[in-house]
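First the structure, in the form of structure tokens, and then the observations on it.
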Amino acid sequence: MNPLMRAARNPTVYRAMMVHGAGIAERLEALLRFASTGRFGVLDLLGLPNVQITTSGRKTGLARTATVQDVPSRGGLLVVGSNWGRPRHPSWSANLMASKRATVRRRGRRFVATVRLLTGEEREEAWAAVLARWPNYQVAQDLAGARVFRLFLLVPMASPA
């Protein structure tokens with residue numbers, strides 16, 4: 001485990017990073033993605049699994065890309081709208097809800113996925129899987145207060161024959 005990942009796994013360090021470093025991390029992410037033509041970002045630097053999701057903006061219709069941590073599950077990927085524990089949902093999550101599909105880029109491979117917002121018992125089971133993989137999501141949820149994170153399942157669509 002690299003030293004940055006070890007630090008990020010520490011709940012105290014993670015909380016401080018979320019409260020004080022979110023803006024810096026977002027700018028660094030944009031810079032790294034630009035400099036590496038999309039191949040490398042902050043989560044890669046930390047050694048954390050991640051995907052880039054591209055959807056149409058719900059208001060503009062323009063392509064919008066976000067890099068998010070992912071958790072493999074049920075033949076697809078779970079992604080969490082944590083938004084660094086801020087009180088508002090991330091805009092990419094509203095775009096996912098509106099489009100119902102996304103282009104996913106993971107380790108240089110691209111695929112189109114259907115998007116499903118998880119609710120009820122299915123969400124609770126998925127949330128447990130997410131926390132088992134990255135317990136610090138609970139730190140972010142505690143920071144967010146009453147806002148319950150949106151949790152999505154991205155399932156690759158079958159390729160046309």
Side-chain angles (χ1 to χ4, degrees), residues 1-22 24-26 28-29 32-33 36 38-55 64-97 100-157:
M1 181 181 309
N2 76 43
L4 291 174
M5 186 179 199
R6 187 174 296 116
R9 285 189 176 275
N10 180 310
T12 304
V13 172
Y14 188 74
R15 181 179 175 82
M17 186 172 66
M18 293 188 69
V19 171
H20 303 293
I24 294 167
E26 289 170 337
L28 182 58
E29 172 70 19
L32 287 173
R33 290 286 171 192
S36 69
R39 293 185 309 262
F40 189 80
V42 171
L43 294 175
D44 298 300
L45 191 63
L46 294 172
L48 298 173
N50 65 89
V51 293
Q52 287 182 285
I53 51 175
T54 303
T55 59
R64 302 291 185 204
T65 300
T67 303
V68 295
Q69 205 170 333
D70 69 278
V71 174
S73 178
R74 304 177 196 173
L77 302 171
L78 295 170
V79 294
V80 180
S82 66
N83 201 22
W84 295 86
R86 294 174 179 139
R88 296 173 69 145
H89 292 290
S91 57
W92 64 260
S93 71
N95 292 338
L96 274 184
M97 288 174 55
K100 301 294 186 200
R101 70 178 219 187
T103 301
V104 179
R105 181 175 174 185
R106 184 172 201 232
R107 297 184 189 136
R109 191 173 76 91
R110 287 191 172 158
F111 59 91
V112 176
T114 58
V115 176
R116 197 157 49 85
L117 176 66
L118 302 179
T119 59
E121 186 177 314
E122 185 178 37
R123 186 201 180 280
E124 294 307 313
E125 289 172 14
W127 180 246
V130 165
L131 290 179
R133 192 71 177 252
W134 187 248
N136 282 334
Y137 269 125
Q138 189 60 56
V139 173
Q141 181 63 77
D142 294 343
L143 280 173
R147 178 175 72 87
V148 176
F149 294 164
R150 292 174 177 158
L151 185 54
F152 297 93
L153 178 62
L154 308 178
V155 178
M157 295 174 72

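- Using a distance-only test at 3.5 Å, with no hydrogens or angles considered, a donor-acceptor pair links the side chain of Arg147 to the main chain of Arg86.
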Legend entry - Verdict with supporting geometry, Val155 and Arg116, side-chain contact (heavy atoms from CB on, under 4.5 Å): CA-CA 8 Å; Val155 178; Arg116 197 157 49 85; 5.8 Å; no
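- What you find for Pro156 and Gly75 is that their closest heavy atoms are CD-O, 3.4 Å.
- Between atom CG of residue Leu153 and atom CG of residue Leu118 there is a gap of 5.5 Å, rounded to the nearest 0.5 Å.
- Here Asn50 pairs with Arg33, Asp44 under the side chain to side chain donor-acceptor pair (under 3.5 Å) rule; sequence neighbours left out.
- Closest approach of Trp92 and Gly81 over heavy atoms only: CZ2-CA, 3.6 Å.
- Considering CD of Gln69 and CG of Leu77, their distance stands at 12.0 Å, rounded to 0.5 Å.
- When all heavy atoms of Gln52 and Thr67 are compared, the pair lying nearest together is CG-OG1, 3.4 Å.
- By the 4.5 Å heavy-atom criterion applied to side chains, Arg105 and Thr65 are not counted as neighbours.
- For the atom pair Phe152 CZ and Ser93 OG, the distance stands at 5.0 Å (nearest 0.5 Å).
- Minimum interatomic distance between Thr55 and Arg101 (heavy atoms only, all atoms of both residues): CG2-O, 3.7 Å.
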Legend entry - Verdict with reasoning, Asp70 to Leu154, per side-chain contact (heavy atoms from CB on, under 4.5 Å): CA-CA 10 Å; Asp70 69 278; Leu154 308 178; over 6 Å; no
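- For the atom pair OG1 (Thr119) and CD (Glu124), the distance works out to 10.0 Å, reported to the nearest 0.5 Å.
- In this structure, Glu125 has no side chain to side chain donor-acceptor pair (under 3.5 Å) partners at least two apart in sequence or on a different chain.
- Ring orientation note: the planes of Trp127 and Phe149 are nearly perpendicular, at an angle over 60° on the 30°/60° scale.
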Inset, instruction - Please report the C-alpha distance between Arg150 and Leu96 in whole Å, then the side-chain angles of each, then the deciding distance to 0.1 Å, and finally whether the side-chain contact (heavy atoms from CB on, under 4.5 Å) criterion is met. - result: CA-CA 10 Å; Arg150 292 174 177 158; Leu96 274 184; over 6 Å; no
